[in-house]
Amino acid sequence: MKKLSLATAVLTSVFAMGANAYQAEIGGTLGYIDAGDGVTVVGVDGTYYFAPVQTKNGPLNEAAFLNRASNIHGALSYDDLSENTAVAAGVEYFVPNSDFYLHADLGTDGEDVTTYAAEVGYLPVSNFLVAVGIAGADVDGGSNESDPTLRAKYVTNLGGFDVNLEGDLVFGDDTAFGLGGDVYLDKTFSVGAGYADDGVSGTDGVFSIRAKKFFTQQVSLEANIDFVDDANAFGVRGAYRF
């Protein structure tokens, strides 16, 4: 009887761990840009982690970062204005037994522009990443420009709430920057805001608000609104982890 009870306890523990871990996520996005006659954007994305990601006691949305979970990821999107399909893929790698981080992305707009980015990062303290790199675009029959980048991300606890803080800089002819943050009202629900400016004289920055809710450990829904003088954008994304 004792042996049976022990075996039951072990199996229960294993299944409980599996229920609170995931190794992949797939998502679908629907967006609308309020410009001219309107532009509709649809997309799918996916991420595969090299090892199961434990959700533990942190915010569900930050589980991969808090676990330093290396992964490969990709996305497809289509808009009915250009009628092109954009493709992007990349890899994030947290070097085992160290505080170093590597990241690279490659994408195309489905026509004549290829974008690329690469970073090397370091985590000087727990849950705080600083990364430097290069990002650029190669236009068929045009220029190939690349600029140095700087990015930071920090997940911490402030006033009893989990908080995500992010910032990035692109040092080109015109310095572009972005700032953002999310407050987790509980482990499943966050609200956030951001601001981005491309640094070009005469253009307006983009202010955004966003929210995300996990209805279960696996199922989430998020929404965002980007406010621009001439073209506000709205988006929703549903995702499933397994």
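The figures that follow rest on heavy atoms only: side chains count, while hydrogens, waters and symmetry mates do not. Every value quoted in this text rests on a predicted model; they were computed, and no experiment measured them.
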Exercise: identify the closest heavy-atom pair between [X] and [Y]:
{"X": "His103", "Y": "Asp105", "answer": "NE2-OD2, 2.6 Å"}
{"X": "Glu145", "Y": "Tyr116", "answer": "O-OH, 3.6 Å"}
{"X": "Phe161", "Y": "Tyr184", "answer": "CD2-O, 3.4 Å"}
{"X": "Ala64", "Y": "Tyr22", "answer": "N-OH, 3.7 Å"}
{"X": "Ser82", "Y": "Asp79", "answer": "N-OD1, 2.7 Å"}
{"X": "Ser126", "Y": "Tyr154", "answer": "O-CE1, 3.9 Å"}

Leu106 and Val87: CA distance, side-chain angles, deciding distance, side-chain contact (heavy atoms from CB on, under 4.5 Å) verdict: CA-CA 8 Å; Leu106 184 66; Val87 182; over 6 Å; no

Same hydrophobic cluster for [X] and [Y], using side-chain heavy-atom links shorter than 4.5 Å among ILVMFWY?
{"X": "Val125", "Y": "Val132", "result": "yes"}
{"X": "Leu66", "Y": "Leu129", "result": "yes"}
{"X": "Tyr48", "Y": "Tyr240", "result": "no"}
{"X": "Ile134", "Y": "Val170", "result": "no"}
{"X": "Tyr122", "Y": "Val91", "result": "yes"}

Can you tell me how far [atom2] of [Y] sits from [atom1] of [X], rounded to the nearest 0.5 angstrom?
{"X": "Glu119", "Y": "Leu150", "atom1": "CD", "atom2": "CG", "result": "9.0 Å"}
{"X": "Tyr32", "Y": "Phe234", "atom1": "OH", "atom2": "CZ", "result": "8.5 Å"}
{"X": "Glu222", "Y": "Phe214", "atom1": "CD", "atom2": "CZ", "result": "8.0 Å"}
{"X": "Leu76", "Y": "Thr29", "atom1": "CG", "atom2": "OG1", "result": "11.0 Å"}
{"X": "Asp147", "Y": "Leu169", "atom1": "CG", "atom2": "CG", "result": "12.0 Å"}
{"X": "Lys212", "Y": "Asn224", "atom1": "NZ", "atom2": "CG", "result": "11.5 Å"}

[X] vs [Y] side-chain heavy atoms within contact, under 4.5 Å:
{"X": "Phe227", "Y": "Ile209", "answer": "yes"}
{"X": "Leu185", "Y": "Lys213", "answer": "no"}
{"X": "Asn127", "Y": "Thr156", "answer": "no"}
{"X": "Gln217", "Y": "Leu60", "answer": "yes"}
{"X": "Leu123", "Y": "Arg68", "answer": "yes"}
{"X": "Val120", "Y": "Leu102", "answer": "yes"}

Under 3.5 Å: donor-acceptor pair, side chain of Lys153, backbone of Asn164: no

Asp168 (side chain) donor-acceptor with Glu166 (main chain) under 3.5 angstrom: no

More than 12 heavy atoms from other groups under 6.0 Å of CG on Asn144: yes

Results of side chain to side chain contact (heavy atoms under 4.5 Å, CB included) for Leu221 - residues two or more places apart only: Phe215

For Asn157, side chain to side chain contact (heavy atoms under 4.5 Å, CB included) partners two or more places apart: Asp162

Phe94/Tyr101 aromatic ring centres below 6.0 Å: yes

Tyr195 and Phe177 aromatic ring geometry - parallel, tilted or perpendicular at 30°/60° bounds: tilted

Pairs where residues 21-32 contributes a residue and the test salt bridge (charged side-chain N to carboxylate O under 4.0 Å, His left out) is met, not counting sequence neighbours: Glu25-Arg237, Glu25-Arg241

Residues Asp226, Asn232; criterion side-chain contact (heavy atoms from CB on, under 4.5 Å); working and verdict: CA-CA 6 Å; Asp226 297 333; Asn232 295 331; over 6 Å; no

Step-by-step side-chain contact (heavy atoms from CB on, under 4.5 Å) determination, Tyr78 to Thr40: CA-CA 8 Å; Tyr78 172 86; Thr40 300; over 6 Å; no

Side chains of Gln54 and Asn67, donor plus acceptor under 3.5 Å: no

